[in-house]
Amino acid sequence: MLRKSISAKLGMFRFVLRSLGFKGPSLNAMLLLAAWLVASPFGQARAATFFWDANGATAGTGGTGNWETTSSLWRASSDTGTLGIWSNIGGDNDAFLGGAAGTLTLTTGIAVNDITVDPTSGTAYIIGGATQTLTLAGIAQSVIDVASGDSLAITSGLSGNNGFTKNSAGTLILDSAAGTARLLGSITLNGGTLQAGSATNNGASQVLRSNALNLAGGTSLTTVGTTTDLRVGSLSGSGSVTPATGGAVNILALADSTFSGAITTTGGLNLRGGNGTTQTFDGNLTGLTGTIGINSGVAMKLGGTGTTNGVIGGTTIALRGGSFVMDNSGGNSTAAAGRVSDSAAVTFLGGTLSLIGNSAGSSETVGAPTFSAGSNTITVTNNGGTGAQLTFTRAAGSWRDATGMVINFVGEGTGTLGASGNNPRIISTGAPITVTGGTVAPLGMFANTATGSTVGWATVNGTEWAGYGANGVVALTHNATPTTAANLAALTAQSMAVFSPTVTVTASEPKHEWFESGLHQGWPWLSELKRDDTYVHQCSKH
C-alpha cells in the first residue's frame, strides 16, 4: 500500500514538473528529490507525542501551567526531548501527561488526538479552562489512557465528532459545565472508571447524552453527589452502571443495543427518545429499583437466563407510549418471581406490554395494571410447550380505569388466545367484570358493570370484542348471543351495532363517520361517541 501511495504521488509530481517545463536530466533530478521527500519521515504524516513540561527549561516534566500555543512547554517524543510549542494544526498530536501531576488551564481552544496520563508523583491531573474547549480532533476515534491509580478530570469544554476509547485502570472524569460539552461519537470503556460530573457539578452527568457507550467487563460508569441522574445515548457491553444514590439512569436509545452488565440504583430507569429502537438488558438488574419509564419510540427488552440475568428489582413500570418486553425465547428466567416482581405495578399511558414464550412454555406474573389513558396493547406470544401465560395480580372489578383508554389483547405464535390447552393466555387473579345480564351487549364482553352500561373499550387482535372465560381473555364471536331475545346476529364483520342504555337494540350498516375513543391514533377497529346518552360502537373486521 505504501509503495502504491508513493508511486501515485510521484506520478503527480512528474505531471506537475513537466507542465512547468522540466525535462531530461533536470526532470530526473527533481523526481529523485521528490521520491526522497515522499518516502522520508518529513513527507509522511504520522502521529507525534509531546510530553507536558510546565516549568520549561528546568529539569523535570509535568506540573501546573497554561495549555496554549505560544510557549515552549512540550517536549518532542520523550520527557527529555526538545522543547517546543503546542501545534493545533492537524489531528495527530498526542499529549503525554507525566512527571508531577498538576492542572493544565486552557487559555485558548486546544485540539488533541490521544491523551496519556501517567504521572510519577501525585495522582490527579486536571484539564481546565471553563471558557475554552478541548477538542478531540483525531481523524479516527481518540484514545484516552489513564494509568491505574491515577485520574484525569476534564473541566473545560469538550468537543469532537468521533468519541474516544479509554484504556487502563485509572479514572476519567468528564466534568464540563452544562452546555459546554458537545462530544459526539461512540465511547468505548476498556478499563477503569468513567465518571460523569462531580459533587460540585451535577449538571455534567448529562455530558454523555449524545454518545453510544460500550462498557467492557470489569469497567464502571458512575456519577457522584446526590440525586444525580446519568444520561447516555445508548448502552452496550458488560460493565457496571452505578449512578449516585437516588440518581436515575436515562437512556436516549439512539440505536439498538444490548447491555449484559449490572445496573445498581434506587432512582429507576428512563428510556426516552428512540426511533423504533430497542434497548435489551440480559445482565443483572436486581439492583435496579424505582420507576421504569418507557417513552414513545423505544422498547425495553429483558432477556437472558439464570436468577439475575434480565431480572429487575422492586419497581413500577410506567408505559408512556413505549414497549416493555419480557423475552423468554432464549430461555426462561430461573428467578423465583420471573423477570419482574409479582407485585410490580404497571401503569398504562399508551404502550405495549409483551411476553414472548419459550419453546418449552413460559409463565410470568406482574402486579396490578392501571389503564390511565391512551391506546394500550397486551401481547403474549406462544412458542410451544405448555403455552405462554401472562398473569396480572389485579383484584376483581372493571379494567376500565379512565374514560380515555382502550385495550387490545393480542395472542401470537402457536394457538389461539384464551383457548383450552397449550395456548397463549392472559389471566387476571381477580376476574374482570364482563356482561352477565342486561340488554346492551353480548354475554362475556368486557364491561364496567355486569349489565354492560359501558362497553366497547377492549378488543382481541384488533378485530373482535374482548371477553373473559375459564382460560383468561378470549375473543367473542361476531354473533355472540345477547342477554335478551333481542337478536345481535347482524353484528357481523360489515355491520355496526348501536347499543342504547335502554332496552332497545338495533343494527345498521356502517357509516362513513368515525370517531376514535383513544388518545392515540391507530384504532380503526373501535369508535365510541356519546350522543344524547347513546353509546355508538363500530366493529370493522375487513
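Residue numbers start at 1 and run along the sequence shown.
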Next on the checklist: Between N383 and S359, do the side chains contain a donor N or O and an acceptor N or O under 3.5 Å apart?
Outcome noted: no

Checklist entry - Can you name the closest pair of heavy atoms from N55 and T58 and give their distance? => result OD1-O, 3.0 Å

Checklist entry - Who passes side-chain hydrogen bond (donor to acceptor under 3.5 Å, both in side chains) against T82, sequence neighbours left out? => result none

Next on the checklist: For a quick test of reading the model, state the closest non-hydrogen atom pair linking L235 to Q279 and the distance between them.
Outcome noted: O-NE2, 2.9 Å

Next on the checklist: Could you tell me if the side chain of T381 sits less than 4.5 Å from the side chain of S354, heavy atoms only?
Outcome noted: no

Checklist entry - So do the side chains of V346 and V340 get within less than 4.5 Å of each other, counting heavy atoms only? => result no

Item to check | Pairwise side-chain contact, T315 with T289, heavy-atom cut-off 4.5 Å (strictly under) | outcome: no

Checklist entry - Does some side-chain heavy atom of V146 sit less than 4.5 Å from a side-chain heavy atom of I144? => result yes

Next on the checklist: In this structure, is the centre-to-centre distance between the rings of W52 and W86 below 6.0 Å?
Outcome noted: no

Item to check | Min side-chain heavy-atom separation F96-D118 under 4.5 Å | outcome: yes

Next on the checklist: Between L319 and F324, does the side-chain contact (heavy atoms from CB on, under 4.5 Å) criterion hold? Intermediate values first, please.
Outcome noted: CA-CA 7 Å; L319 293 173; F324 181 79; 3.8 Å; yes

Checklist entry - How long is the span from the CZ atom in R231 to the CG atom in L252, to the nearest 0.5 Å? => result 7.0 Å

Item to check | side-chain contact (heavy atoms from CB on, under 4.5 Å) assessment of F348 paired with I407 | outcome: CA-CA 10 Å; F348 286 85; I407 312 171; over 6 Å; no

Next on the checklist: Before you tell me yes or no, could you show the steps for L136 and V112 under side-chain contact (heavy atoms from CB on, under 4.5 Å), namely the whole-Å CA-CA distance, both residues' side-chain angles and the distance that decides it to 0.1 Å?
Outcome noted: CA-CA 5 Å; L136 301 180; V112 64; 4.0 Å; yes

Next on the checklist: Measuring from atom CE of M326 to atom CG of L390, what distance do you get when rounded to the nearest 0.5 angstrom?
Outcome noted: 5.0 Å

Checklist entry - Just checking, is any N or O donor in the side chain of T135 or S159 under 3.5 Å from an acceptor N or O on the other one? => result yes

Checklist entry - How far apart are the C-alpha atoms of T277 and N275, what are their side-chain angles, what is the distance that settles it, and do they pass the side-chain hydrogen bond (donor to acceptor under 3.5 Å, both in side chains) test? => result CA-CA 5 Å; T277 53; N275 185 22; over 6 Å; no

Checklist entry - Any side-chain donor paired with an acceptor under 3.5 Å for S362 and E364? => result no

Checklist outcome for this item: Closest non-hydrogen atoms of T123 and A101, given as atom of the first, atom of the second and distance, are N-CB, 4.0 Å

Checklist entry - Between V325 and T278, is any pair of side-chain heavy atoms under 4.5 Å apart? => result no

Checklist entry - Would you say the side chains of N250 and R209 form a donor-acceptor pair under 3.5 Å? => result no

Checklist entry - Any side-chain donor-acceptor pair under 3.5 Å between Q195 and T193? => result no

Next on the checklist: With no hydrogens and no angle check, just 3.5 Å: does a side-chain donor-acceptor pair link S78 and T80?
Outcome noted: yes

Checklist entry - Do S168 and D145 have side-chain N/O donor and acceptor atoms under 3.5 Å apart? => result yes

Next on the checklist: Are the side chains of T155 and N201 in contact, using a 4.5 Å heavy-atom criterion?
Outcome noted: no

Checklist entry - Does D229 use its side chain to pair, donor to acceptor, with the backbone of G247 at less than 3.5 Å? => result no

Checklist entry - Is any side-chain heavy atom of F392 closer than 4.5 Å to a side-chain heavy atom of I426? => result yes

Next on the checklist: Apply side-chain hydrogen bond (donor to acceptor under 3.5 Å, both in side chains) to residues T377 and N408 and explain how you reach the verdict.
Outcome noted: CA-CA 5 Å; T377 302; N408 185 34; 4.7 Å; no

Checklist entry - Would you say the side-chain atoms of N113 and N93 include a donor-acceptor pair closer than 3.5 Å? => result no

Checklist entry - Side chains of N88 and T69: donor-acceptor distance under 3.5 Å anywhere? => result no

Checklist entry - Is it true that the side chains of S341 and S343 contain a donor and an acceptor less than 3.5 Å apart? => result yes

Next on the checklist: When you compare the side chains of T165 and Q141, does any donor N or O come within less than 3.5 Å of an acceptor on the partner?
Outcome noted: yes

